[in-house]
Structure formats: C-alpha cells, structure tokens
Chemist: 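Pasting in a structure now, in structure tokens, and then I'll have a few things to ask.
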Amino acid sequence: MSKGPKKKKADTDLQAPRGTRDFYPDDMRRRSWLFDIFRRTAMQFGFEEVDAPMVEHAELFIRKAGEEIVDQLYHFEIHDRHLALRPEMTPSIARMIIAHQGGMRFPIRWFTLTQNWRYERMTRGRRREHYQWNMDIWGEPGVEAEAELLSAMMTALDALGLARGKVHIRLNSRRLLEESLRDGVLADRPQAFEPLCVVIDKIDKIGAQAVTDLLCETTSEKGEAIGLSPGEAEHVLEMLGARSLDDAQKFAASESAALNELRQLYDLLDAYGIADQIPFDASVVRGLAYYTGVVFEAFDTAGTLRAIAGGGRYDRLAETLGGKPVSAVGFGFGDAVIGELLEDEGLWPALTRPLDDVVYAFGPDEKSAAIRVANRLRSEGRKVELCLGVAKLKRILGDADKAGAQNVYIIGEDERARGVVKVKDLATQQEHEENLDAVRAAETRQP
RNA sequence: GUGGGCGUAGCUCAGUUGGUUAGAGUGCCAGAUUGUGAUUCUGGAAGUCGCGGGUUCGAUUCCCGUCGCCCACCCCA
C-alpha cells in the first residue's frame, strides 16, 4: 500500500449483518463435517433428501397460537406479495406433500438440511440464522415412526462422538394432555388446545403461577385465550409433574389410548436399545402449535445449553394448510447448540483441506503438460490443485505440505524435453518420474 | 429492553499516569548459491488506536455521544 493520499474510507459495512455468519474455509469444513454426519445418518435410515425455497409466502408460517416463532418471522412485502424467510422447514415440507398428495405413496421418509431464519435477540447458541437438519415421516400413524426417528437422532449423536449419557431425549405426549381435557374445557373449543400447549411450554421460564394465570385468562393480547377454570389449570400443572408412565397413569383416563401408545413406543425404543436414553417427562410439550401427539427434545445432560433438537407428531398440519389429512412426525436438529456442545467437549475433529495432489509447472512452456497431468489425475478421481501463474517451487511444496497433499507433480524444461513428470511424495520425500505418454493415453479416454 | 465488559496490525493481545516515529507474538511477503517442504536466521509491508464531538498547547489515552462485539438478566426456539 502506498503512503500518499489517505484511502477513502469504504462506505460498505464489511461485517455480516447481526446474527448472521460468514463461513471461511475452516468454518466450512466443520459445517460440512457436521452435515455429512447428518446426511449419512439420514441415508442409513433410508431417507431421501429434498429442498424447498428459502422464501415462502408468509401466510404459510402464520398461525394464531401465540408462538414465538411466528412473532419473530423474518418477513417483508415486495410487489404486493407478503413473503417470509422460512423460520423452520416443516411447513414447506407439508406444502410439498399436499401439492402432490394424490400421487404420493406413503409412508414418505424425507430429510432436509436447510438454513432457517428468525428475527430475534441473540444469545449463546442462538442467532438470526441457523442450519437445521430435519427428518420427517409422512403417512405413518403408528409410533413405529417416532421410534425410527428417535433412533436416527441417537445414531447421529453417537456419530458426533457424544458419549452415551451426555445427551438425553425427554419425551411426552400431547395426546395425553388432550385426552384429559377433551371432555372439559376443550369440549366446546378444541382449537384452544394449541395455545394451551404453547403456554405450558413456558413453565420452566416463567414459572407455574404465571402459566396458571395465562391458562385461566379469558382474553388474550396475542393468540387465542384459553380460559381454563382454576381447577382445570391446577389439574394440568399436576400432570406435568409426571416423570414415568406409571406416574402419568394416575392422571390419565382409564383405557387411555395415549398411554397405551407410549407404552408401545417404549417397547420399540427398547428394541432399538435406546429406551434408557429417552426418559418420559410430562413437562415437555414443545413451543410449536401444530404438535398433536408424541413430542420430544434432546438436551445436554449437564443442562448448560438450551435444547439441541426437538420434534414430534403433527397429524393435523396437512389439513390446516388445506390438504387431506395425513399423519406426520418429524424433528429438527440445529447446528448452533450442537456446535457449542462439540466445542465444550472438544469433539470437533482436526480437519484439513481435502487435497491429494498439486501439479506445478516451472514456466509457461510447461503449462500444457501440467494441464494434461492434472486432467489425468482428476479423471482418476483425485483432488488436484493446478498451480496458477508463477510461483516458486519452495512455496508450492510448503503449501502442499501444510494442506496435507500426498504428491507434488513437477514439470520443468528438463522433464518436458524428456516427456516425463517428476512426482514427489511429500511424506516419504522420495521422487520418481512418470511418462507423459501414459498421461496422453489416459487423456484420450476423456470426452 | 436493562446492567456490565470490551473495540489498538489479517488474528491474539500488550501499552500509553495526556507528550517526538504506537509495540509483541503469530500470520503474511522477500532473502540465507541458479529447481525442493520443517526448524532457524535476516529483512520487509501492514494500524485515521471503531466512529463523531468536547476539554487541552497537544488526545490512541480524559469526558460525552454513537455504532459494533461479548457476558449476564429479560424473553424464548
């Protein structure tokens, strides 16, 4: 940089917008490592990957149950359209299913790896943008679907290197709650159930009394008023204390379908060998309105971080969005909290740049030979960096070594004249020569 | 939204009780016999000391404001 007149200060802000991240190569390698585990796990379970636009019609996400996710919608109007960045993937998946519902063969197993947006204040493990791995099963009403998803979640946690016991998945059933209120306050107003769950989800944060107050309110600022009687509210809160199915039975209706379903689920989880990692906890209801049945959330056992992943059954979402009824269950697993946990546990692996070979030509006269060598190696499936411009061999070797490459292919005037390329193995420091003719023969096989 | 901490080189930070030319480590660039990696050695580039205003002969330092980042609280996927 020259001295002289001061540079004009750039008027662009070089920082990424608040709550968003840049992924430089080091960050990107970690992200890819994490995503590869998600993707591999999903594949192991026979799921197919799908995607949808990051921008959707805002109304796809707007629900009236007072959910935070709706309050924090990243939305805007442009050319008379009200659009929103997706805060979660489930509504888009539902939209895709409904749009082709007639031709779908259920059950459907889909997964996604997507960036989701929420306009919110930032804290550790929470930003305005995050990536989420979603796994969903559509068209299977039985808890076999839940069991399969929970097993997939545990499989991914194992693959990440988290020791068994580091993470637990708490599990409950909204249906259990719904059953107990069905003949009471919900008899006239079944739609009050969703806001009721949204309110109950806050119990750890705002306390039992505040939740009771909200449950008994008859008018509400945002969303629908629930209007339980004090007795009903008390009953609900009592139920939330259950930490085993036997506890829950004391509150459940006799012949409770929800309870039978849970017992069946735990039998399945036992067969998967993960039942002991998934304690029943009646206080888990999740903050999203659309869940109807089993709900669950994964958290670090030490309890220092917020929930790592969560999900549940949402059997009525399709109808809500205008489709025919289809049962569905799924979970979301974000990159933020798990990233913090892997950091705390020192579980991020050392990741180097994926590079096998470097091809180097001393001068312009050797460039075309270098290109032929690179072509051949690439066609063999190797990851090859072809040196561009002019650079010193010393620097090339140093960089190749740091990047973890295996070989450096060197072509100078001498090699070119003799029709060979010098190959240096960086680990053994040994060099040998390969014939350029062989290279040419290989190249002709290329289209 | 409230309170606290912090903004100095690409990165991690030191420092200036207000005073010439602002430092270290690391990284980067160049060199240590023409075409060979580590370490080492030598040299070099690089900072409007976040931004704006005030006090002062003089501000990176003190004061005010502002923006940004971090932590806690609040709120909650």
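Side chains are part of it too, since the values below use all heavy atoms of this structure and drop only hydrogens, waters and symmetry mates. Letters A, B, ... are given to chains in the order of the sequence lines, protein chains preceding strands, and every chain is numbered from 1.
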Chemist: Grab the CD-P distance between A:E415 and B:rU36 for me, whole Å please.
Modeler: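 Taking atom P of B:rU36 as the reference, CD of A:E415 is at 12 Å.
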
Chemist: Just call it for A:D26: base, sugar-phosphate, or nothing, with non-hydrogen atoms closer than 4.0 Å on any strand.
Modeler: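 Nothing, no heavy atom under 4.0 Å.
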
Chemist: Sorted by first residue and then second, give each ring-ring contact (aromatic ring centres under 6.0 Å, His included) pair with at least one member in residues 394-419 of chain A; sequence neighbours left out.
Modeler: none

Chemist: Could you go through A:S92 and A:E56, starting from their C-alpha distance and side-chain angles, then the distance that decides it, and tell me whether this counts as side chain to side chain donor-acceptor pair (under 3.5 Å)?
Modeler: CA-CA 8 Å; A:S92 296; A:E56 292 272 10; 2.7 Å; yes

Chemist: Expressed in angstrom and rounded to an integer, what is the separation of A:L355 atom CG from B:rG37 atom P?
Modeler: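 To the nearest whole Å, that distance equals 19 Å.
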
Chemist: List for me each residue that meets ring pair (Phe, Tyr, Trp, His ring centres under 6.0 Å) alongside A:Y291, sequence neighbours excluded, and say none if there are none.
Modeler: none

Chemist: May I ask you to say what A:A309 touches in the nucleic acid, namely base, sugar-phosphate or nothing, with a heavy-atom cut-off under 4.0 Å?
Modeler: base

Chemist: If we take the P atom in both B:rC13 and B:rC75, what is their distance in whole Å?
Modeler: 32 Å

Chemist: Taking atom C1' in both B:rU60 and B:rG4, compute the distance separating them and give it to the nearest angstrom.
Modeler: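 23 Å, rounded to whole Å.
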
Chemist: Please report the distance, rounded to the nearest Å, between CD in A:E431 and P in B:rU36.
Modeler: 10 Å

Chemist: Do A:R418 and A:D414 sit within salt-bridge range, that is, some charged N less than 4.0 Å from a carboxylate O?
Modeler: yes

Chemist: C1' atom, B:rC63 versus B:rC70: distance in rounded Å?
Modeler: 25 Å

Chemist: Students often get this wrong, so: under 4.0 angstrom with heavy atoms, is A:L288 touching a base, only sugar-phosphate, or nothing?
Modeler: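 Contact class for A:L288: none.
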
Chemist: For RNA chain B, whose closest nucleotide is more 5', that of A:M122 or that of A:T428?
Modeler: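 Its nearest nucleotide being more 5', the pick is A:T428.
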
Chemist: Please examine the side chains of A:R63 and A:Y290, heavy atoms only from C-beta on, and report whether any two atoms are closer than 4.5 Å.
Modeler: yes

Chemist: I'd like to compare against my own output: the B/S/- annotation of nucleotides 27-32 of chain B with a strict under-4.0 Å heavy-atom distance to protein.
Modeler: -SS-S-

Chemist: Taking distance alone, no hydrogens or angles, what donor-acceptor pairs closer than 3.5 Å link side-chain atoms of residues 159-167 of chain A to residues at least two apart or in another chain?
Modeler:
from, atom 1, to, atom 2, distance (Å)
A:R164, NE, A:D158, OD1, 3.1
A:R164, NE, A:D158, OD2, 3.4
A:R164, NH2, A:D158, OD2, 2.8
A:K166, NZ, A:E345, OE1, 3.3

Chemist: Would you kindly give the CZ-to-P distance between A:R126 and B:rC71, to the nearest whole Å?
Modeler: 14 Å

Chemist: For the pair made of CZ in A:R121 and P in B:rC75, what is the distance, rounded to whole Å?
Modeler: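 So the CZ-P distance, A:R121 to B:rC75, works out to 10 Å.
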
Chemist: With a non-hydrogen cut-off below 4.0 angstrom, is A:A400 in contact with a base, only sugar-phosphate, or nothing?
Modeler: nothing

Chemist: Which is more 5' along RNA chain B, the nucleotide nearest A:G19 or the one nearest A:A298? Just name the residue.
Modeler: A:G19

Chemist: Over all strands shown, is A:Q429 touching base, sugar-phosphate only, or nothing at heavy-atom distances under 4.0 angstrom?
Modeler: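 Answer is base: heavy atoms of A:Q429 come under 4.0 Å of a base.
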
Chemist: Is a donor-acceptor pair below 3.5 Å formed from side chain A:E413 to base B:rG35, judging by atom type as modelled?
Modeler: no

Chemist: If the C1' atom of B:rU12 is compared with that of B:rU34, how far apart are they to the nearest Å?
Modeler: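 So the two C1' atoms sit 40 Å from each other.
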
Chemist: Between A:R86 and A:E129, does at least one N-O distance fall below 4.0 Å, as a salt bridge requires?
Modeler: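 Salt bridge absent between A:R86 and A:E129.
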
Chemist: Can you tell me how far P in B:rA14 sits from the matching atom in B:rC6, rounded to whole Å?
Modeler: 10 Å

Chemist: Can you tell me how far C1' of B:rG37 sits from CG of A:D357, to the nearest Å?
Modeler: 16 Å

Chemist: With C1' as the reference atom in both, quote the distance from B:rG65 to B:rC29 in angstrom, rounded to an integer.
Modeler: 41 Å

Chemist: Which donor-acceptor pairs under 3.5 Å do side chains of residues 419-429 of chain A form with protein atoms, sequence neighbours excluded?
Modeler:
from, atom 1, to, atom 2, distance (Å)
A:D425, OD1, A:A427, N, 2.8
A:D425, OD1, A:T428, N, 3.1
A:T428, OG1, A:Q430, N, 3.2

Chemist: Give RNA chain B the dot-bracket treatment, 5' to 3': Watson-Crick (N1-N3 with N6-O4 or O6-N4) or G-U (N1-O2, O6-N3) under 3.5 Å, [ ] crossing, | other strand.
Modeler: (((((((..((((.....[...)))).(((((.......))))).....(((((..]....))))))))))))....

Chemist: Which word best sums up how the rings of A:W133 and A:F38 line up, parallel for under 30°, tilted for 30 to 60°, or perpendicular for over 60°?
Modeler: parallel

Chemist: How long is the line joining CZ of A:R418 and C1' of B:rG35, in whole Å?
Modeler: 13 Å

Chemist: Quote, to the nearest angstrom, the P distance that separates B:rG50 from B:rU16.
Modeler: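 Per the computed distance, 16 Å lies between those P atoms.
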
Chemist: Using a 4.0 Å heavy-atom cut-off across all strands, classify A:R18 as base, sugar-phosphate, or nothing.
Modeler: sugar-phosphate

Chemist: Taking the same atom, C1', in B:rG44 and in B:rG27, what whole-Å distance lies between them?
Modeler: 14 Å

Chemist: Charged N to carboxylate O under 4.0 angstrom, A:E194 versus A:R316?
Modeler: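 Judged by the 4.0 Å cut-off on N to carboxylate O distance, A:E194 and A:R316 do not form a salt bridge.
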
Chemist: Rounding to an integer number of Å, can you tell me how far A:D365 CG sits from B:rG35 P?
Modeler: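 Those two atoms, CG and P, are 15 Å apart.
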
Chemist: Quick one, A:F299 and A:L305 - any side-chain contact, counting heavy atoms below 4.5 Å?
Modeler: no

Chemist: Pick base, sugar-phosphate or nothing for A:I411, based on heavy-atom distances below 4.0 Å to the nucleic acid.
Modeler: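 Here A:I411 touches no strand at all.
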
